[in-house]
Structure formats: structure tokens, C-alpha cells
Q: 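Quick one: the structure is below, questions incoming.
Values below: every heavy atom of this structure, side chains too, minus hydrogens, waters and symmetry copies.
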Amino acid sequence: MDFVAGAIGGVCGVAVGYPLDTVKVKIQTEPRYSGIWHCVWDTYRHERVWGFYRGLSLPVCTVSLVSSVSFGTYRHCLACICRFRYGSPDAKPAKTDVTLSGFASGLVRVFLTSPTEVAKVLLQTQTQTQRRPSASWPSAAPPLCPAPPLCPAPPAGSRPKYRGPLHCLATVAREEGLQGLYKGSSALLFRDGHSFATYFLSYTILCEQLTPAGHSQPDVLGVLVAGGCAGVLAWAVATPMDVIKSRLQADGQGQRRYRGLLHCVVTSVREEGPRVLFKGLTLNCCRAFPVNMVVFVAYEAVLRLIRGLSM
């Protein structure tokens, strides 16, 4: 039941949050954007609405599997821990049990999401390497290739390197091997491990606080609030590693800049200051609230529906 409910909840969530995810990735990987609205306007002006949905097809196809694995792993680990510690999988878990199960859920999903994340980031950022910064917006930092002879604009009508998600994955695998599909996976492990521990722990605590007296579960409004707040808290702790993950995955579209996770952290902080690790934090939190409201409401609704049909 948890695998099915998690799959449906994940699809609903990605449909709501993908445009803001595109803006977030562009802000994190391209220093020339001075802020959220600059990135939104620049993307819309050059690519229209489609620009916000680049690389969407692969996440939609895979997010049901990833979300299913995340929620299913969490519930399965929690049941195993409760059976081992308390003798019953239905026993009330402690906060430590929830945290460990959430952490395991985050680690497991990395093996499925890394290739998808690589394709998504490359598709979301590839147009940035095909055109110079617009003169109508001031650049937030000097471009990496300021001299036109060294970084020429492509001829009008030139085709992008990646035609779609599957073509992107095939190209990366051909050029860089299997290792290329797992670029940034070290940062992804750090990001998802502790963020999913925070995610499920905060959701559990908030649900307990928002459950009316005499009831075993919160109402729909309680689930909406708990899910939205859990998403915000999870992204608040995940954003620093998310920035590094995006930069490692986007690296190599021009000249390769980073030798690994630590080098990327040190280089980014040295060049742009500590604030660079929190690029996209506001956008992540704004996106996380409605997305995770939808995810958890869909998840809980499907669980209740399946339970009702099975009785």
C-alpha cells in the first residue's frame, strides 16, 4: 500500500513543483542570475513556458518509482525496527526509529535518482551555454568565458546537444561511461540522507501535534500543514548539498572546473562566499510547501482508499 500511495503522491508533487525546480537549478549553476525574478524573466523571454519544463518527461516517468521506493522503504524499515525493538511492526515508533528509517529511505533513493538528476540538470542548464548573457539584465558575476573569441555564440538555429532525457542519458553514458551517470552522487548521498530523516521526523511530529483529541490521525488540513512544513524543513537542511550536487552534475558542459565534492565546496565558497551554499534556499522552501502538501495529501488519501477497499 505504501509503495502505491508513494508513487501517486510523487507524481502529483512533481507536476506542481517542476517549474520552480528549473529556476532553482539555473540559479544554483549559473552565477550571472541576480535573483529569482531575473532567472524567471530571462527563461521566459528566451524559451517561453516550455523553458520551465525542460527535462520533465524523465522525472515524470521515474518519479513514481523513486517516490514509491522512498515511502515503501521508510515504512518497511520502520516496521522492521518496531518488530525488532518492541515485538510488533504496529507498535508506536520512537523519534529515533522514525529518523533512522527516514535516513535509510534517503540513501536508497540515491541509486535510482542520480541518473535522472544528471539528465534533468543538464537539460535545464544546457541553454545557458548556448547564448551569451542578455544585455538587459546586469550579470551577478563575470561570465566564465568573457571574451567572445573564447566563448562564441552558436550560429542561429543551432541544435542543442541533448534532444531529450533519453538522448541525454545515452550521450553521457557514451562520452563518460557509467560513472558520468552518477556525477554528484556523493553530494546526493549527503543531501538525501539527512534531509529525508528530517522530512519524515518533522512530518510525524507535526501530525501528532495537529491530530484532534480523540482521533488517531489529523484531518486533511492537518496533513496539508504537516506535509508542507516537513518539506520546507527538509529543503532547509538539504540546500547546501543540493547546490554542490547541481554544480557537479552540470560541470563539464564547457571546461571541467571541479575535481570532486570537496573541491567544488572550497572553490564555490572562495569565489562567491559562504552564501553560495544557500543559493535557491528561498525558492526551495517556497516550492517545497505546496509540493509536499500535495504529496502527503495524495499519499494519505490513497492509503485510506486502499484500506477502505480491502476491508
Q: Do Leu201 and Tyr74 share a hydrophobic cluster, counting only Ile, Leu, Val, Met, Phe, Trp and Tyr and linking them when any side-chain heavy atoms are less than 4.5 Å apart?
A: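 Yes; Tyr74 is reachable from Leu201 via cluster members.
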Q: Kindly compute the distance separating OG (Ser114) from CD (Gln249), expressed to the nearest 0.5 Å.
A: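 CD of Gln249 is found 5.5 Å from OG of Ser114.
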Q: Let me confirm one number: the CD1-NZ distance from Ile205 to Lys95, rounded to the nearest 0.5 Å.
A: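 Here the rounded value is 5.5 Å.
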Q: How many angstroms lie between CG in Leu210 and CD in Gln217, if you round to the nearest 0.5 Å?
A: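 One gets 13.0 Å once the value is rounded to the nearest 0.5 Å.
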Q: Are more than 12 heavy atoms, taken from residues, nucleotides or ligands other than Glu175, located less than 6.0 Å from that residue's CD atom?
A: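 Yes, CD of Glu175 has more than 12 neighbouring heavy atoms, counting only those of other groups under 6.0 Å.
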Q: Between Arg109 and Asp192, is there a salt bridge with N-O shorter than 4.0 Å?
A: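 Judged by the 4.0 Å cut-off on N to carboxylate O distance, Asp192 and Arg109 do form a salt bridge.
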Q: If you define the side chain from C-beta out and look only at heavy atoms, does anything of Val23 sit under 4.5 Å from Thr43?
A: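 With C-beta onward as the side chain, the pair stays apart.
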Q: Do you know which of Leu283, Thr282, Leu281 makes side-chain contact (heavy atoms from CB on, under 4.5 Å) with Thr239?
A: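 Passing option: Leu281.
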Q: Look only at the side chain of His167 and the backbone of Arg163, and say whether a donor-acceptor pair between them is shorter than 3.5 Å.
A: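 Side chain of His167 to backbone of Arg163: a pair is present.
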Q: Checking the side chain of Ser101 only, and the main-chain atoms of Asp97 only, is there a donor and an acceptor separated by less than 3.5 Å?
A: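 Checking the backbone N and O of Asp97 against the side chain of Ser101, a donor-acceptor pair under 3.5 Å is found.
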Q: Quick one: does Asn292's side chain have a donor or acceptor within less than 3.5 Å of a partner on Ala288's backbone?
A: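 Side chain of Asn292 to backbone of Ala288, a donor-acceptor pair under 3.5 Å: yes, one is there.
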Q: Evaluate the criterion salt bridge (Lys or Arg N to Asp or Glu O under 4.0 Å) for residue pair Arg247 and Glu272; output intermediate values, then yes/no.
A: CA-CA 13 Å; Arg247 291 189 170 208; Glu272 301 175 55; 2.9 Å; yes
Q: Rounded to the nearest 0.5 Å, what's the gap from SG on Cys168 to NZ on Lys120? Could you check?
A: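 If I round to the nearest 0.5 Å, the distance is 11.5 Å.
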Q: Just by distance, with hydrogens left out, do Thr211 and His215 show a side-chain donor and acceptor under 3.5 Å apart?
A: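 The answer is no; no qualifying pair exists.
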Q: Kindly determine whether Val121 and Lys245 satisfy side chain to side chain contact (heavy atoms under 4.5 Å, CB included), including the steps that lead there.
A: CA-CA 10 Å; Val121 168; Lys245 184 270 304 179; 4.1 Å; yes
Q: Just checking Tyr86: does its OH atom have more than 12 heavy atoms from other residues, nucleotides or ligands closer to it than 6.0 angstrom?
A: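 Enclosed.
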Q: Tell me which one of Leu224, Val223, Leu305, Val295 satisfies side-chain contact (heavy atoms from CB on, under 4.5 Å) with Glu300.
A: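 Only match with Glu300 under side-chain contact (heavy atoms from CB on, under 4.5 Å): Val223.
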Q: Taking all non-hydrogen atoms of both residues into account, name the closest pair between Asp251 and Tyr258 and its distance.
A: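 What the structure gives for the nearest pair is OD2-N, 3.0 Å.
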Q: Working to the nearest 0.5 angstrom, can you tell me the gap between Ile244 CD1 and Lys279 NZ?
A: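 It comes to 11.0 Å.
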Q: Hey, any chance Leu189 and Val118 share a hydrophobic cluster, counting ILVMFWY side chains that come within less than 4.5 Å of each other, even indirectly?
A: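 Looking at the clustering, Val118 is in a separate group from Leu189.
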Q: Would you indicate whether the side-chain heavy atoms of Val243 and Phe278 approach each other to under 4.5 Å?
A: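 With C-beta onward as the side chain, the pair stays apart.
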Q: Does a side-chain heavy-atom distance below 4.5 Å link Val172 with Leu122?
A: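 Sidechains of Leu122 and Val172: in contact.
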Q: Between the side chains of Glu117 and Lys183, is the shortest nitrogen-to-carboxylate-oxygen separation below 4.0 Å, so that they form an ion pair?
A: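 The answer is no: the pair does not qualify as a salt bridge.
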Q: Are Met293 and Leu303 connected, step by step, through hydrophobic side chains (Ile, Leu, Val, Met, Phe, Trp, Tyr) whose heavy atoms are closer than 4.5 Å?
A: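 Yes, it is one cluster - the side chains of Met293 and Leu303 are joined through contacts under 4.5 Å.
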Q: Work out which heavy atom in Leu248 is nearest to a heavy atom in Cys264; give both atom names and the distance.
A: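 Closest approach of Leu248 to Cys264, heavy atoms only: CD2-CB, 3.8 Å.
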Q: Classify the ring geometry of Tyr203 against Phe296: parallel below 30°, tilted from 30° to 60°, perpendicular beyond 60°.
A: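 Rings of Tyr203 and Phe296: parallel, as their planes differ by under 30°.
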Q: Could you check if a side-chain atom of Phe190 sits within less than 4.5 angstrom of a side-chain atom of Leu261, using non-hydrogen atoms only?
A: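 Yes, side chains in contact.
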Q: Answer yes or no: is there a side-chain heavy-atom contact under 4.5 Å between Arg257 and Glu271?
A: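 SC-SC contact between Arg257 and Glu271 confirmed.
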Q: As a quick check of understanding, evaluate salt bridge (Lys or Arg N to Asp or Glu O under 4.0 Å) for Arg191 and Asp242, giving each step before the final call.
A: CA-CA 6 Å; Arg191 186 195 77 172; Asp242 187 57; 2.7 Å; yes
Q: Any idea which heavy atoms bring Val98 and Pro93 closest together, and the distance?
A: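 Heavy atoms only, the tightest pair is CG2-CG, 4.1 Å.
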Q: So do the side chains of Thr99 and Phe103 get within less than 4.5 Å of each other, counting heavy atoms only?
A: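 No, every pair of side-chain atoms sits at 4.5 Å or beyond.
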Q: For the pair His76 (side chain) and Gly72 (backbone), establish whether a donor and an acceptor sit closer than 3.5 Å, ignoring hydrogens and angles.
A: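 Looks like no, no N/O pair under 3.5 Å.
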Q: Quick one: do Leu107 and Phe200 end up in the same hydrophobic cluster if we chain Ile, Leu, Val, Met, Phe, Trp and Tyr together by side-chain heavy atoms under 4.5 Å apart?
A: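 Shared cluster, no.
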Q: Taking all non-hydrogen atoms of both residues into account, name the closest pair between Ala234 and Val237 and its distance.
A: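 For Ala234 and Val237, the tightest heavy-atom pair comes out as O-CG2, 3.1 Å.
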Q: Name the orientation class of the two ring planes belonging to Tyr199 and Phe196 (parallel below 30°, tilted from 30 to 60°, perpendicular beyond 60°).
A: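 If you compare the ring of Tyr199 with that of Phe196, the planes turn out perpendicular.
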Q: Given the rule that I, L, V, M, F, W and Y join up when any side-chain heavy atoms are under 4.5 Å apart, are Val220 and Val302 in one cluster?
A: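 Result: yes, single cluster for both.
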Q: Can you give me the closest heavy-atom contact between Leu233 and Ser202, atom names plus distance?
A: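 Shortest heavy-atom separation between Leu233 and Ser202 comes out as CD1-CB, 3.7 Å.
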Q: First locate atom OG of Ser268, then atom CZ of Arg275, and finally report the distance between them rounded to the nearest 0.5 Å.
A: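 Spacing of OG (Ser268) from CZ (Arg275) equals 15.0 Å.
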Q: Just wondering, do Leu169 and Pro115 contact through their side chains at under 4.5 Å, heavy atoms?
A: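 Yes. Closest side-chain heavy atoms under 4.5 Å.
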Q: Is there a side-chain contact between Trp235 and Phe289 (heavy atoms, below 4.5 Å)?
A: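 Counting from C-beta outward, Trp235 and Phe289 never come under 4.5 Å.
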Q: Do you know the tightest heavy-atom contact between Pro218 and Pro212?
A: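 Looks like CA-CD, 4.1 Å.
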